[in-house]
Each structure stands twice: as C-alpha cells, then as structure tokens.
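The block underneath contains the structure these notes are about, expressed in structure tokens.
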Amino acid sequence: MNTRRAVLAALRDAGASGVSGEAVARALGMSRAAVAKHVAALRAAGYGIEAAPGSGYALTAVPDLPLPEEVAPLLDSAIWADLRGGGETGSTNDDAKALARAGAPEGTVVLAARQTAGRGRFARAWSSPPGGLYLSVVLRPPLPLPEASPLPLAVSLGVARGLRSLGVPAALKWPNDVVLPAGGAAPGKLAGVLLEVSAEADALEWVVAGIGVNVRRPAGGSPFPDAAYAEDALGGAAPPLAAVAAAALDGVGGAYLAFLAGGFEQLAGEYEARWVLGGREVRVSDARGGVVAEGTAAGVDGCGRLMVDGPRGRTSVSTGEVTLRGGGAPR
Ligand code: BT5
C-alpha cells in the first residue's frame, strides 16, 4: 500500500470522530508534515477532510471518481499492480502507451473520469463526458503477434463479466462492443474496447487495452441514440465509478489470464453464450463502409474471427463493423 493510501485508510478507520495528524504520523512512521502533505493531495483529488482543532482530521466526503485509492481496495485480481490517474486526461490509451514505451510492467492501469481526446477504432472519437469510466491497462502477453488476434474479444468478455457482476446484463457484439440487449430493438452500446499494440519482429512488446464504459447518462443527454448506460439496467442507480472500475478490471484480469492459459478456445463457449449475433442476419463492413461479408452469424472461431454463412458459403472475418439486418431470431 502506498503512503497516501495508508493515510486515507487511517482517516477511514477513524470515522466521524477523526484522528490527529500526530497519531496518523506515529502509526505510519512518517512526519506530521508528510501527513499534512498527503491530506492536501487527497483534498485536491476531491476528498472532503475537515480539520477540527483538538480532534484532528475527519473524512467527510469521498468523491465519485475512479481514483486509485478507491479502486485498489476493491480489486480481487492480483494482476493490477500500479494504478494511476482517476481524474481528467486526454486519452488513457495515450497515457498508458507512453508508460508502456517507458517500460511500465504488465498490470499498469490508467484511470479517468473524463477524457478530452478519447479515441475509438479507426481514428474515431469516443465521447468521454463525466459519468463514464475510462481506463487503459498495459499487458505484455508472451505471444507472437498473430496469436494475440482474439485479445479484443477476451477483453470485451472480461468487461461484460465485470458489468454482470454488478447486475448489469451486459452482452457482446463482435468484435469489441459490450452491449445492453433491448428486447427486439437493436442492443445499445454500453462499452467499447480499443487495443493498440507494439511488436518487435513478430513478438509482442506490449498491448494497451482501453475500455470506455457508459455508466450514467450525461447531463445534457446522450449524443448517440444507440448508446446504453449501466444505470439504465439498474433502475437509475449506478454504482460508484470506483466499483465499476474494479469490476471491469477483475473481469478483464480473469479473462486475460484464461486466454493466456488456454487460448480463445477456453473462452469461446462463454463468448457465444453472451453474444447478440448468433443466428442473426448480419452485414460486416470495413472501415470505409465496403461490405466484407453478408449472411448469418454462425460463430466465432479459435482465432476470434467472425464466421458468416452467406449464399456462397462461409466467410471468416477478422475485423470490421457489424450491422444487424433484422429477421433471424437471436439464439
Ligand atoms: C470503440 O471504438 O468502441 C472503442 C472505444 C474505446 C474507448 C476507450 S476509453 C479509454 C481508452 N482511451 C481512449 O482514448 N479510448 C479507450 P469504435 O468501435 O470505433 O466505436 C466508436 C464509435 O462509437 C464512434 O464513431 C461513435 O459512433 C460511437 N461512440 C462514441 N462514443 C460513444 C459512447 N460514449 N457511447 C456509445 N457510442 C459511442
């Protein structure tokens, strides 16, 4: 536990009656000035900490932000070792890539409550207002590049697992969407996943997996008619962002380790149990809108490719954009 987290834990333990700076300093083996410095930093991050003469510091408010101090104690997965951020940034993927290039180990996490330059695939924008959760993780899978192709699916499966653990019935839409099924209507996009990789020859150096989750509807309404929000599935009561972050990280950690241990075959059954495309009529387009495949979504193969059965047989697609074409009961 780092020292700021230890100071916060001491304030939490003290409850409403508070604790003196001197007692915290003694318990943690640090100077009173160091305690005061951490208290100032916690206040700057949004914590309410009152200083009453005689009784010391009392924690009066905890911000609804995915701060490392809030997320770390909720995590079960041991893979996430170094958590950073939690406020506003340009893009957590850019931050995590800079850390990866500088040698950050697997398990480094960058969190944010708002992004000013959030990105989707194919240089598209990811709308990142307050009320959403934005995070990126550094992974260093010991794999040749081609074997990593199902990783985006494993990561989205992990995000769906995490959201389901919070009671949100998250489902999957190949390749990288986590969606909220909406009865007969098109499922709404609840979360998106963006993987960026660096490889030397054929060996992966690092993977940055970025995840954006729509948690609360933005104050001014959603800019995307097909966006869905976790709170929609929870009767308007969204969990704190730190709880969403911990659930997503635990889900992704578990799915990633299962993928490393047994390949995508290990996850394919669960993926197909959760996906909204099975048996549906789909059209797959490339980044420029050209149609790559059309037909019935038949499944996902061990390489994470979408199998589409069309009039001229089966096509396996490794990337693209899927549109549901109506008809065909989901299975
Ligand atoms: C994705 O791209 O779905 C990947 C999104 C990844 C975002 C995370 S946030 C943390 C990390 N840091 C980053 O900078 N990025 C990652 P794609 O499949 O290309 O979908 C993008 C499209 O979804 C856009 O062109 C819009 O049409 C739509 N869109 C944008 N923002 C949205 C939102 N908040 N909710 C639903 N749809 C959105």
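Side chains are part of it too, since the values below use all heavy atoms of this structure and drop only hydrogens, waters and symmetry mates.
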[X] and [Y] ion-paired at < 4.0 Å:
| X | Y | result |
| --- | --- | --- |
| D232 | R217 | yes |
| R5 | E69 | no |
| R121 | E321 | yes |
| E205 | R140 | no |
| R161 | E270 | yes |

**Message:** Test side chain to side chain contact (heavy atoms under 4.5 Å, CB included) on L277 and V322; report intermediate values, then the result.
**Reply:** CA-CA 9 Å; L277 299 184; V322 176; 3.9 Å; yes
Minimal non-hydrogen separation, [X] against [Y], with atom names:
| X | Y | answer |
| --- | --- | --- |
| P68 | G85 | CD-O, 3.0 Å |
| V276 | A171 | CG1-CB, 3.7 Å |
| L241 | D64 | N-OD1, 2.8 Å |
| P181 | P169 | CD-O, 3.3 Å |
| V292 | T315 | O-CG2, 4.4 Å |
| E265 | G302 | OE2-CA, 3.9 Å |

Between [X] and [Y], do the side chains contain an N or O donor and an N or O acceptor separated by less than 3.5 Å?
| X | Y | value |
| --- | --- | --- |
| E88 | Y134 | no |
| D82 | T108 | no |
| T92 | Q115 | yes |

Are the side chains of [Y] and [X] in contact, using a 4.5 Å heavy-atom criterion?
| X | Y | value |
| --- | --- | --- |
| L195 | V193 | yes |
| V138 | E106 | no |
| V207 | P141 | yes |
| V300 | L153 | yes |
| P66 | V244 | no |
| F264 | R305 | no |
| Y271 | P150 | no |
| L249 | S77 | no |

Enter the distance from [X]:[atom1] to [Y]:[atom2] here, rounded to the nearest 0.5 Å.
| X | Y | atom1 | atom2 | answer |
| --- | --- | --- | --- | --- |
| L190 | D226 | CG | CG | 12.0 Å |
| R26 | S20 | CZ | OG | 6.5 Å |
| L306 | T319 | CG | OG1 | 10.5 Å |
| Q266 | L157 | CD | CG | 11.0 Å |
| L204 | L145 | CG | CG | 5.0 Å |
| L257 | F259 | CG | CZ | 11.5 Å |

Does [Y] offer a backbone N or O that forms a donor-acceptor pair with the side chain of [X] under 3.5 Å?
| X | Y | value |
| --- | --- | --- |
| R164 | A170 | yes |
| W174 | W275 | no |
| W80 | V109 | no |
| D250 | D76 | yes |
| S128 | W126 | yes |
| S222 | P225 | no |

Quick one: do [X] and [Y] end up in the same hydrophobic cluster if we chain Ile, Leu, Val, Met, Phe, Trp and Tyr together by side-chain heavy atoms under 4.5 Å apart?
| X | Y | answer |
| --- | --- | --- |
| F122 | L194 | no |
| V155 | V208 | no |
| Y229 | V159 | no |
| V213 | L74 | no |

**Prompt:** In this structure, are over 12 heavy atoms from other groups packed under 6.0 Å from E50 atom CD?
**Reply:**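 No, CD of E50 has 12 or fewer neighbouring heavy atoms, counting only those of other groups under 6.0 Å.
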**More than 12 heavy atoms of other groups within 6.0 Å of K189 NZ** =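 Yes - once you tally the heavy atoms of other residues, nucleotides and ligands closer than 6.0 Å, there are more than 12.
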**Message:** Go through it in stages, so that I can follow the logic: the residues are E231 and R216, the test is salt bridge (charged side-chain N to carboxylate O under 4.0 Å, His left out), and I'd like the CA-CA distance, side-chain angles, deciding distance and then a yes or no.
**Reply:** CA-CA 6 Å; E231 69 173 9; R216 274 180 255 289; 5.1 Å; no
**Message:** Pair N93, R119 - check side chain to side chain contact (heavy atoms under 4.5 Å, CB included), show working.
**Reply:** CA-CA 8 Å; N93 259 42; R119 292 184 287 107; 3.7 Å; yes
**Item:** side chain to side chain donor-acceptor pair (under 3.5 Å), paired with R314, selected from D301, T296, D309
**Value:**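 Result for side chain to side chain donor-acceptor pair (under 3.5 Å) with R314: D309.
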**Trace of the side chain to side chain contact (heavy atoms under 4.5 Å, CB included) decision for V282 with L324** = CA-CA 5 Å; V282 298; L324 282 165; 4.1 Å; yes
**Request:** Check step by step if side chain to side chain contact (heavy atoms under 4.5 Å, CB included) holds for L163 and V178.
**Result:** CA-CA 9 Å; L163 291 172; V178 179; 4.1 Å; yes
**Asked** In the hydrophobic cluster built from side-chain contacts under 4.5 Å, what are the other members alongside L99?
**Response**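 V110, all in the cluster of L99.
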**Asked** In the hydrophobic clustering (ILVMFWY, side-chain contacts below 4.5 Å, transitive), which residues join V24, or is it alone?
**Response**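 Listed partners: V7, L8, L11, V19, L28, M30, V35, V39, L42, Y47, I49, Y57, L59, V62, L65, L67.
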